[in-house]
2 protein chains.
Amino acid sequence: MPALTLRRAAARAGVSHAAPAHHFDGLPGLLTAIAARAFQIFADTMEAASTAAGPDPFARLVGLCDGYLAFASQHHGLFHVMFVSPEVDRDDPALTPHSARAYLLLRATCLPFAAPDATEDAVLETAVWSMVHGYASLTFNTNQGKRRSYVLAPDFAALLKELFAARRGQ
Amino acid sequence: MPALTLRRAAARAGVSHAAPAHHFDGLPGLLTAIAARAFQIFADTMEAASTAAGPDPFARLVGLCDGYLAFASQHHGLFHVMFVSPEVDRDDPALTPHSARAYLLLRATCLPFAAPDATEDAVLETAVWSMVHGYASLTFNTNQGKRRSYVLAPDFAALLKELFAARRGQ
DNA sequence: CACAGCGCCTTGACACTGTCAAGCAAATCC
DNA sequence: GGATTTGCTTGACAGTGTCAAGGCGCTGTG
């Protein structure tokens, strides 16, 4: 049984069993609305962690990724809805502004490391985005409540240093 | 409605509606058995792509990751069961040998790039593992059948070159 | 050979799910 | 003031996983 159910949400809200389906236009609509709100909190978390990290560009990027991972660790139900749930319509105009804001935040934080030729920064930001998302997916993917069996030992900051090894000296 | 259903599997197999649940000990058991078989195919795909890439260590790693991404792209239902489905028991002794084989394959392919101090290779293999998994998750995550809205433009090989920029000259 | 044990499946039921059609009451609009 | 829209309720339906009970045939044993 899924963790979120239209009928249980209705019972908790004290309305009839079909009210949520009517209000949100079915289960996909409810999940899409949840994803939109979650992306908002997600972007807020990353932004706060990044600005709290001070002025150094690399420290800001580490902070941003820490915010990413903190969100995935603390709200991994929302994380699942945002990135995995097949029911949500990720092109919904109520959702795209917030997901775009999260992505642009990462893009902006990667900008100080852009290479002279303009094409390579897309490579770099995609590398960071993929790495932090994969790290989060592999680390915080719960297995019926308990952690994953093959843990990923190193801190993410170590991976980031590895990726930026050639660039940081610039 | 989920894509896989005990009752539809029973109908397709021509048995009674409760036979699969009895045989596999419930839906989690069926999904775990599927995941075990999928990890087998997954490891085979990566191994074949890696050995087909020739003797150069970096080419072999690119090949392995191409195999990873090819599998995720072609069998993303299996990919979902392997890494996402909350019902599968990823510590099941029928599953762990195959998932471990896949991981050790990646580990072995990263070994030629290990640093002199023995701890850093875990960082490197975790970086590759996270990056390729995140890239696959973000790229091939279907949205009701159609591709994701925010596509990741660069090829994965470019990301890998970025990660190994400081090492390849060795 | 007879028979108990057992593995594999079937049958039937139960609680629960999302979705839909019909209806109803209140607010809104012309 | 009547028509229309909006938001919810009610009731039904098909479909789901799971469980208990039972049957049927094989197997091993006396």
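First the proteins, then the strands, lettered A, B, ... as listed; each starts at 1.
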Which atoms form the tightest heavy-atom contact between B/Ala136 and B/Phe79, and what is the distance?
CB-CZ, 4.0 Å
Please give, in whole Å, the distance from D/dT18 P to B/Leu27 CG?
6 Å
Side chains of residues 59-74 of chain A: which donor-acceptor partners sit under 3.5 Å, not counting sequence neighbours?
from, atom 1, to, atom 2, distance (Å)
A/Tyr68, OH, A/His133, ND1, 2.8

Heavy-atom closest pair, residues B/Leu6 and B/Gly26:
CD1-C, 4.5 Å
Expressed in angstrom and rounded to an integer, what is the separation of B/His23 atom NE2 from C/dC8 atom P?
7 Å
Is it the case that one hydrophobic cluster holds both B/Val132 and B/Ile41, taking links as side-chain heavy atoms less than 4.5 Å apart, direct or via other members?
yes
Quick check: is B/Phe83 connected to B/Leu4 through a chain of hydrophobic side chains (ILVMFWY, heavy atoms under 4.5 Å apart)?
yes
DNA chain D contacts made by residues 5-16 of chain A, counting heavy atoms under 4.0 Å:
A/Arg7, A/Val15, A/Ser16
Please state how far atom CZ in A/Phe24 lies from atom P in D/dG7, giving the value in whole angstrom units.
12 Å
Taking only nitrogen or oxygen atoms into account, show me every contact under 3.5 Å that the protein makes with nucleotides 20-25 of chain C, one pair per line with its distance.
none

In this structure, how many angstroms lie between the C1' atom of C/dC9 and the CG atom of B/Asp25, rounded?
15 Å
Flag side-chain contact, heavy atom, 4.5 Å: A/His80 against B/Val84:
yes
